[in-house]
Amino acid sequence: MRKIILGNIAKCILVFLACKSLYAFTDTTRLKEVLVVAKRWHTFNVGQKVIGIDSTIQSQFAGAAMADVLAANSWAFVRANGAAGLGTVSVRGMDAAHFQVIWKGINITNPMNGTIDAMLFPANMFTHTQLQLGGNGTQWGNGAVGGTLLLDHKNTLKSGFSGNAQTGIGSFGHFFQHYKITVGTYKFTLQQQFLHQQATNNYPYYDRFWDKNIRQASSQIYTHAYIAHAAAALNNRHTLEASYWYQWNRRNIPTSVGSQPNLAYQNDESHRAVFSWLYTHKNWHSVLRAGAVQDQIIYAHHKSLFYFFNQSNTLHSEAETQYDFSVKSSLKIGINHQYFTAKAKTFVAHTQQHRTSAFVFYKYRYQRHSAFQLGFRQQWINRSLGVPTPSLGVEQTLYGKHVLFTASASRVYRYPTLNDLFWFNTNELGNPHLLPETGWNSDAGLQFNVGDSTFHKITINPTVFYNQIRNRIFWRIVEAGTLSPVNVNEVTALGAELTFIYSYHTPKNVFRFWANGDYTQAIITQSNNLSEIGKQLPHVPYYKFTLQSVFERKEKFQIGYLHAFTGFRYTNTLNTEFLNEFNTAQLFISGQLIRIKNIGFSAQARVINLWNQYYEVMGAISMPGRHYQCTVVCNFYSPKFLKPKNI
Amino acid sequence: MKTNSILKKSFVWLAVGSAWLYSCRPDTDSTNPAPAPGANGFYVVNEGNFGSPNADISFVDKIAKTVTGQLFKAVNGSNIGNQAQHMAFQGDFGYVCVQAGGFIQVVNASDFKAVARITGPTGFSPRFIKPINNQKALVTDWGNNAVHMVNLANNTLGKTIPVDGTPEEVLALGSLAYVSLSGGFGSDNRIAVIDLTKDTVNSVFTVGDSPTQMVADINNKIWILCKGKTVYNTDFSINTTASTKGRLIRFNPLNNSLEMTFEFGSNSISPSNLRINGAKNKLYYLYGSGVFSMSINESALPTASIINKGFYGLSIDPTNENILGCDAGDYVNPGRVLRYTNTGSAIDTFTVHITPNNCVFR
């Protein structure tokens, strides 16, 4: 066994060196396939590392935001300022603008600032959540440099109805309600979800500047969300899907350490809609997809000292066709068009941009668990030729099913955001002459299945990655005395990730231990400021690891412990300022209370920040200490709601 | 058996790795020794990172050409607070407005040791402090649209004087204090006049839009810099008709008249940082991409800059009329102070702390 392992490691290193930027990594957890016709991001992800956030994990985070889930269960570093603050996500040493969020196949990342706020995504409103690590420019185009978060809903046709009602209360006035109702037939299904959440968030914390414990004075949140998802199988060949997501959030911006109570607030309102039509034939199928997104952000002051309003609108349209030459090889081609408009007090006028892409993928599965994939995307920005984006992915089983080698390499790019290009304010000017950021992204990994038996299973998954980005965009004071974005430097990020999973199964019990660790070195390798060269990028921790241990008595109760460590982070490019490392822990227990025929009640309790640690994720916002949350869940379904028919 | 072995090795490596990574964190205990501030140097007010309590005062020794980047921290063990905005000396003490922190930090001028923190009412947002004498000072408060009297004898806030607008700076001349009502993030166009014998608003007069800095020249005329106002249409394009250009105004306090008004050329570029030299006969200001200077006797604004570079802040050395440009860089890394002669020739550069906004001389 050792020879096998060493041999694989040697091969992996050789391949890695030969290709210089060939990266490998493995699918740590693959979600169970539920789609008869898989979406392209499920089918054409050969060689990519994908982390699935399954329903078990989501249930541990009832009432929490997606940012909390990602921070505790993945390598993602969530730059969060608490429930009422901003929560952007970055992975593998890249920026928040290098992380994209895809909802039902359309990119919902804000085109004005190029980022998403993961604090605004309720964790348990999505049945399918995946984190794809590494560059994915061929699949998603602009901005998919460090990673991509995929949010989706299960499309299962069932006859009858089902429902899920959750309500929870917690420390600091936290209260939430979430209702999910599904009705359908074998031809049509409609699922609707409602969420209401609020919290006063007046948590006590230690203020390191005043050197005393004080209470957060301005961190209230209110959230209303509604998601509707309908699917209809018109016949054996035609399937329609329509989804709509509305969300409104109001939050008072938290007071930072050493400051007067913050009187600023932010309202976020968004409408998102997607419609898709799927046509399947014997050995090919096509999808037409259209979407619209409107994001509106108001950032203002309670005493009217300032008022900023931003609104962006995006129209998406996409067509793709997949031809299956055989069960082994498939070809997919498609085109995508995105039209952005934005208006803000700080823009010259209405701003618009067209982005059109053509993409092609080819996959060949030459063994049952071995395949390679080639991809290519070409984008045009307002009719100007963009960055060509090739990609390569490989999966190869070695020595039976015991070892899986994976590798992927792709070109990546990020075009300047609308703010980068068109911002117009006193002493702050966008730069229409910016070049796109471009680079290469690669990884390689091995997945060892050790001790596989009926009861015990151990999986070890080491991965190395290497990313390089040129023409990085930074806002800086330019000679004109104004703050403007400029292409200033080159960044190289390399690192290693390790996953260790041990699980023990008996017919009635399950024990699972899961550890993730990573080391990331993200260095500025070229810059017009020589003092920056060789320095670690700000807000990129060198180290991060998470541990999770769960014991489950099937259909009775579940108890688990999560621990996450985040290493120190510099807060500027000269590495003169930094934030300390911190640990967080969570203890949770859930159990079935009662079941009467088709109605079941369960309850969950969580202790968050179990060890009552004082910490700051981003500068100067203290996070809450130990706090609690209790949730009651009611599930019900009609007797007929049994046999699913997947679409 | 193999599983157990792997597990044990994993934990050993985990422990070793954890110890190593902890050892790699930066040293937090290194501090510079306190310098001895004196007449041969100047202080730099650094706002620090936005939202973080790491503002500080730098001290630049002009003779030795050395810098103490975080003087307050070096002396007192921690930074001065969240967003230091302005500093002034009076007698044996220095007073630093820590705007987002909501207090005025009092320091001993000789060794910079912290003496007191002057706090205020809810929302207190001290922007600019003007000592009148050893007993009292005036401080502008963005959070309450007011000017407060500061009792320097016992370091407390005294009478609050509402000014019906967001106040920026204060200029004291004789028994009157002139308060520019800039409007803060919005716009205003007035100057409030406070009678220092009664500590009440005596009168209000209108100037250009967004008045900020004021200086008094050798003839006791007051020069007022107005940034102008940018107005947007409903589609957020600039309303060029309603937008106004910046102005430089000369006000005669003897007859309360606006004697001269100079209008800048653009309604999208705002002038800022009006300063005057030690002889009080030459004005300096920032406009767009340059530093401009003009005699108080000029009849028109200069068309050419003396330094072709923009800055976040500007100061003039009263002893030799050197120009000090504060370069905030990207607002997260330590900034710089660039020193020039009064004709615009570069002298030297000092790296200070994060986001320097002005220099102060004792």
Side-chain angles (χ1 to χ4, degrees), chain A residues 1 208-209 256-261 263 301 303-306 343-350 424-427 450-451 456 458 460 474-483 500 502 515 517 519 529 532 538 542-543 545 565 567-568 570-578 580-581 619-621, chain B residues 2-3 6-7 10 14 17-18 21-22 24-26 28 49 51-54 69 78-79 81-83 98 100-103 122-125 142-143 166 184-186 227 230 232-233 235-238 268-270 272 286 288-290 308-312 327-334 354:
Chain A
M1 187 64 182
R208 61 181 158 87
F209 181 76
S256 58
V257 168
S259 300
Q260 287 276 69
L263 297 178
H301 190 273
K303 288 190 175 179
S304 304
L305 280 182
F306 53 81
K343 59 181 179 179
K345 192 174 179 179
T346 48
F347 276 8
V348 176
H350 276 185
F424 186 90
N425 197 11
T426 303
N427 297 327
V450 185
H456 299 275
I458 293 177
I460 300 172
F474 268 103
W475 282 70
R476 290 196 166 163
I477 295 282
V478 296
E479 284 303 306
T482 56
L483 189 65
F500 175 87
Y502 168 73
Y519 168 81
N529 181 353
E532 290 179 338
Y542 281 110
Y543 302 96
F545 68 76
F565 167 85
F568 78 90
Y570 291 109
T571 58
N572 59 9
T573 54
L574 292 179
N575 292 177
T576 60
E577 303 281 319
F578 68 93
N580 289 325
E581 66 276 3
I621 300 290
Chain B
K2 280 185 177 177
T3 300
I6 289 171
L7 280 172
S10 298
L14 190 64
S18 300
L21 69 87
Y22 188 81
C24 289
R25 63 193 299 279
T28 58
N49 291 127
S52 293
N54 65 347
S78 65
N79 289 124
N82 192 341
Q83 196 186 349
V98 184
F103 61 89
T122 302
F124 183 45
S125 181
W142 269 28
T166 307
F185 292 106
K227 295 169 64 178
T230 304
Y232 296 88
N233 295 314
D235 65 353
F236 296 102
S237 60
I238 290 181
S268 61
I269 301 175
S270 297
S272 66
L286 294 172
S289 59
N308 189 25
K309 178 176 173 57
F311 293 102
Y312 185 61
D327 178 1
D330 57 5
Y331 299 94
V332 292
N333 284 301
I354 299 166

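Residue numbers start from 1 in every chain, and the chains themselves are labelled A, B, ... in the order their sequence lines are given, proteins ahead of strands.
For the pair N82(B) and S256(A), the minimum side-chain heavy-atom distance is below 4.5 Å. Contact annotation: the side chain of N572(A) approaches that of P334(B) to within less than 4.5 Å [non-hydrogen atoms, C-beta and beyond].
Using a 4.5 Å cut-off between heavy atoms, F103(B) touches chain A through its side chain atoms alone. For chain A, the nearby part of I354(B) is the side chain; its heavy atoms alone come within less than 4.5 Å. With a threshold of 4.5 angstrom between heavy atoms, T573(A) approaches chain B through its backbone and through its side chain. Contacts of L574(A) with chain B are made by both backbone and side-chain atoms, with heavy-atom separations under 4.5 Å. For S52(B), the parts lying under 4.5 angstrom from a heavy atom of chain A are both the backbone and the side chain. Heavy-atom distances place the side chain of D327(B), and not its backbone, under 4.5 Å from chain A.
Note that CG of N49(B) and CD of E577(A) are 6.0 Å apart. Values are rounded to the nearest 0.5 Å.
Of all heavy-atom pairs spanning F209(A) and P53(B), the tightest one is CD1-CB, 3.9 Å.
Listed by chain and number, the residues in a side-chain hydrogen bond (donor to acceptor under 3.5 Å, both in side chains) with D330(B) are N333(B) (sequence neighbours excluded). Considering only residues two or more places apart in sequence or on other chains, F474(A) meets the ring-ring contact (aromatic ring centres under 6.0 Å, His included) condition with none of them.
Per-residue counts of heavy-atom pairs under 4.5 Å with chain B were compared for L263(A), V257(A), N575(A), N529(A); the largest is that of V257(A).
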